[in-house]
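The shown structure was predicted, so the numbers you read here are calculated from the model rather than taken from an experiment. Quick note on labels: first sequence line is chain A, next is B, and so on, each numbered from 1.
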Amino acid sequence: MNIEGKIKENIIEAFQKIYSSEIPEKLIQIQKTRKEFIGDFTVVVFPFLRFSKKSPELTAEQLGVYLKDNVSEINEFNVIKGFLNLKFLDSFWIDFLNTTLLEENYGFKQAKEDSEKIMIEYSSPNTNKPLHLGHVRNNLLGYSVAQILKASGKNVMKVNLVNDRGIHICKSMLAWQKWGNGQTPETSHLKGDKLVGNYYVKFDQEYKKQVATLINKGISADDAKKQAPLLVEAQKMLLKWEMKDAETIALWEKMNAWVYKGFDETYNKLGIDFDKVYYESETYLLGKAIVAEGLKNGVLIKKEDGSVWADLTKDGLDEKLLLRADGTSVYMTQDIGTANQRFSEFNIDKLIYVVGNEQNYHFQVLALVLKKLGYSWADNLFHLSYGMVELPNGKMKSREGTVVDADDLLNEMIETARETSEELGKLDSYSDEEVNNVVETIALGALKYFILKVDPKKNMLFNPKESIDFNGNTGPFIQYSYARIKSVLNKAKNQNIKQTENVSNKIKINEKEISLIKLIFDYPSTIIEAADSYSPALIANYIYDFAKEFNQFYHDCTILKEPDINIRNFRLILSDMVGKIIKSSMSLLGINVPKRM
RNA sequence: GGUCCAAUAGCUCAGUUGGAUAGAGCAACAGCCUUCUAAGCUGUGGGUCGCAGGUUCGAAUCCUGCUUGGAUCACCA
């Protein structure tokens with residue numbers, strides 16, 4: 001049994017023996033003792049007062065005496081107000097550390113065949129523009145949550161749904177046809193996604209000119225937007241695409257291929273991957289049959305013009321269109337179809353969508369409609385809704401050119417990391433290739449940590465003028481702590497100081513050392529909590545506290561020059577364990593750690 | 001207007017089943033490298049937890065109302 005269970009059991013016994021009363025287990029709160037008090041675990045006694053019928057202090061005192069007599073691990077206790085602080089024997093913590101050394105992947109649970117199966121969809125880019133900072137948050141979140149879920153013992157399948165069709169793609173295609181002069185990524189020396197994105201912008205510019213001209217001729221703004229020849233032409237192109245016109249399909253395939261190549265480069269650099277990629281061009285017709293079925297069952301309604309709707313007004317929402325009057329489907333229809341397909345094809349238990357909070361309403365409607373249609377798994381959809389990345393002057397707007405491009409940002413971070421490394425002279429003896437590797441690891445660590453340490457559901461601010469920090473609560477700070485550990489372990493090896501298998505539990509350990517062991521103790525439950533709440537931020541905060549604690553230990557305690565061999569050995573083993581956990585927890589954020597920096 | 005989300009130090013953020021004197025980082029100031037990496041460590045200053053009620057032994061946390069900011073309510077995706 002774990003130690004908290006043991007304490008709880010003894011508290012219940014204590015109340016039977018001292019007060020002859022039964023206290024419900026759920027009233028027992030055991031929390032970590034705060035730093036400013038002496039102790040390891042704290043029992044809050046306020047909820048027990050109606051059973052003990054004594055003052056908080058006396059209840060805590062009597063409970064403390066009982067626990068100390070009956071729980072062998074407890075060394076001493078103290079009472080402050082209604083809080084009973086329990087201090088454990090050093091040997092308890094050393095024994096605990098020794099057990100963790102035996103574990104292959106401490107903190108991680110291995111998924112089994114019958115473990116919960118979760119599909120997580122993230123990234124989901126449009127093929128008409130390059131990835132920007134908002135996509136970066138999406139990608140990092142999706143990848144990290146997948147890692148965390150795996151570590152918590154789930155079977156995880158990462159998928160991407162690429163929006164490769166629709167009017168917006170046709171806009172880029174049309175602009176390229178008109179003004180491209182056959183330009184390709186090779187001739188323009190541009191990444192494919194950038195090149196295609198440029199033509200999307202070009203379309204918008206020319207379209208606006210046309211609209212303005214029409215308005216000058218006295219046409220209303222609404223009509224002008226609909227009648228502009230470029231838009232009409234793009235719509236015609238979409239129709240041709242849907243009729244599988246060979247020339248249109250060929251152009252579409254060519255330009256999408258450019259984009260995918262560009263995306264893959266960015267994904268590679270970010271360290272993001274997928275187990276399966278879906279394309280909307282292959283899924284956009286799904287869902288129509290389900291809608292027809294719903295219509296037959298009377299769950300959905302058909303209007304006079306032939307369009308099909310879900311009436312959600314009784315649920316406090318509006319009516320939602322599912323099929324247009326001409327019978328074509330909308331996004332919602334497709335999502336209904338793909339969700340159904342995924343649950344039946346892969347027998348998944350849960351489907352997570354990593355999508356920005358601007359689509360909260362969409363997913364609310366999706367779950368509700370699926371439920372009305374009678375799908376039992378409708379409750380197992382989860383919209384992992386994350387906040388927008390804002391700039392100091394508000395949202396990113398592609399039209400105003402305030403978008404922070406993902407590739408540009410990465411390159412800038414790498415250059416900053418390089419300059420800092422050169423200033424500090426840390427990598428002077430490294431080859432160019434080694435320097436490049438380390439500098440990229442640091443830059444990515446800084447960016448990923450910066451984004452993931454913020455609670456996903458909150459909006460976050462990014463100021464491009466103040467480049468992301470490398471000091472304080474940052475990725476590089478944690479990476480640096482790791483590099484220090486590696487350096488000490490290396491020196492130990494070179495000096496022929498060998499670590500023993502485990503630690504003697506006879507030694508006396510200090511406060512910093514106990515704090516570190518307690519944080520090691522917290523690691524498994526932190527992973528579970530992060531998985532349950534889909535929050536990499538919990539992992540990030542945990543690692544920061546851990547690395548900070550290690551740096552204090554490192555500052556206060558010498559390791560290699562410690563004269564007591566048993567203590568030296570203990571500190572080496574402890575440092576080694578801290579390093580392993582930093583590495584493994586950073587991997588949950590998709591961040592690598594360098595051996596030196 | 002309806003629905004949903006947010007508001008904590010000058011700035012960026014923690015604070016998760018309600019618990020002790022609300023914490024970090026950045027910025028400012030003052031210290032610490034002859035000693036395992038100073039991308040580090042230590043200290044000082046900085047708070048009406050948006051406002052007002054309520055529940056409770058106890059509220060940043062739960063409830064109600066209000067203020068402010070954001071998102072959304074398309075035959076867009």
Inset, instruction - Output all residues satisfying side-chain contact (heavy atoms from CB on, under 4.5 Å) with A:Ala483, sequence neighbours left out; order by chain, then residue number. - result: A:Met597
Inset, instruction - Go along nucleotides 8-21 of chain B 5' to 3' and tag each nucleotide: B for a protein heavy atom under 4.0 Å from its base, S when only backbone or sugar atoms are that close, - otherwise. - result: ----SSS-B--BBS
Side chains of residues 487-498 of chain A: which donor-acceptor pairs under 3.5 Å do they make with residues two or more places apart or in other chains?
residue: A:Asn494; atom: ND2; partner: A:Asn490; partner atom: O; Å: 3.4

Inset, instruction - Hey, could you give me each pair passing salt bridge (charged side-chain N to carboxylate O under 4.0 Å, His left out) that has a residue in residues 441-459 of chain A? Not counting sequence neighbours. - result: A:Asp455-A:Lys457
Pairs of donor and acceptor atoms involving the side chains of residues 542-560 of chain A, under 3.5 Å and at least two apart or interchain, shall be tabulated with distances.
residue: A:Tyr542; atom: OH; partner: A:Leu519; partner atom: O; Å: 2.6
residue: A:Glu549; atom: OE1; partner: A:Lys35; partner atom: NZ; Å: 2.7
residue: A:Asn551; atom: OD1; partner: A:Arg484; partner atom: NH1; Å: 2.7
residue: A:Asn551; atom: ND2; partner: A:Ser481; partner atom: OG; Å: 3.0
residue: A:Asn551; atom: ND2; partner: A:Ala547; partner atom: O; Å: 3.2
residue: A:Gln552; atom: OE1; partner: A:Lys512; partner atom: NZ; Å: 2.9
residue: A:Thr558; atom: OG1; partner: A:Glu562; partner atom: N; Å: 3.3

Inset, instruction - Taking side-chain contact (heavy atoms from CB on, under 4.5 Å) as the test, write out the residues that go with A:Leu286, two or more places apart. - result: A:Thr283, A:Thr338, A:Gln341
Inset, instruction - List for me each residue that meets side-chain contact (heavy atoms from CB on, under 4.5 Å) alongside A:His362, sequence neighbours excluded, and say none if there are none. - result: A:Tyr331, A:Met332, A:Asp335, A:Gln359
Inset, instruction - Not counting sequence neighbours, list each pair that qualifies as a salt bridge (charged side-chain N to carboxylate O under 4.0 Å, His left out) and has a residue in residues 24-34 of chain A. - result: A:Lys32-A:Asp522, A:Arg34-A:Glu36
Inset, instruction - Stems involving RNA chain B: give each as a range paired with a range, ordered by first number, where a stem means at least three consecutive Watson-Crick or G-U wobble pairs under 3.5 Å. - result: B:1-7 with B:67-73, B:10-13 with B:23-26, B:28-32 with B:40-44, B:50-54 with B:62-66
Legend entry - Near-strand residues of residues 419-427 of chain A, defined as heavy-atom separation under 4.0 angstrom from RNA chain B: A:Thr420, A:Ser421, A:Leu424, A:Lys426
Legend entry - Parallel, tilted or perpendicular: ring planes of A:Phe382 versus A:Tyr534, cut at 30 and 60 degrees: parallel
Inset, instruction - For A:Asp40, enumerate each residue passing the side-chain contact (heavy atoms from CB on, under 4.5 Å) test, keeping only those at least two apart in sequence or located in another chain. - result: A:Lys87, A:Phe88, A:Trp93, A:Ile514, A:Lys518
Inset, instruction - Tell me, please, which residues at least two apart from A:Phe263 pass ring-ring contact (aromatic ring centres under 6.0 Å, His included). - result: none
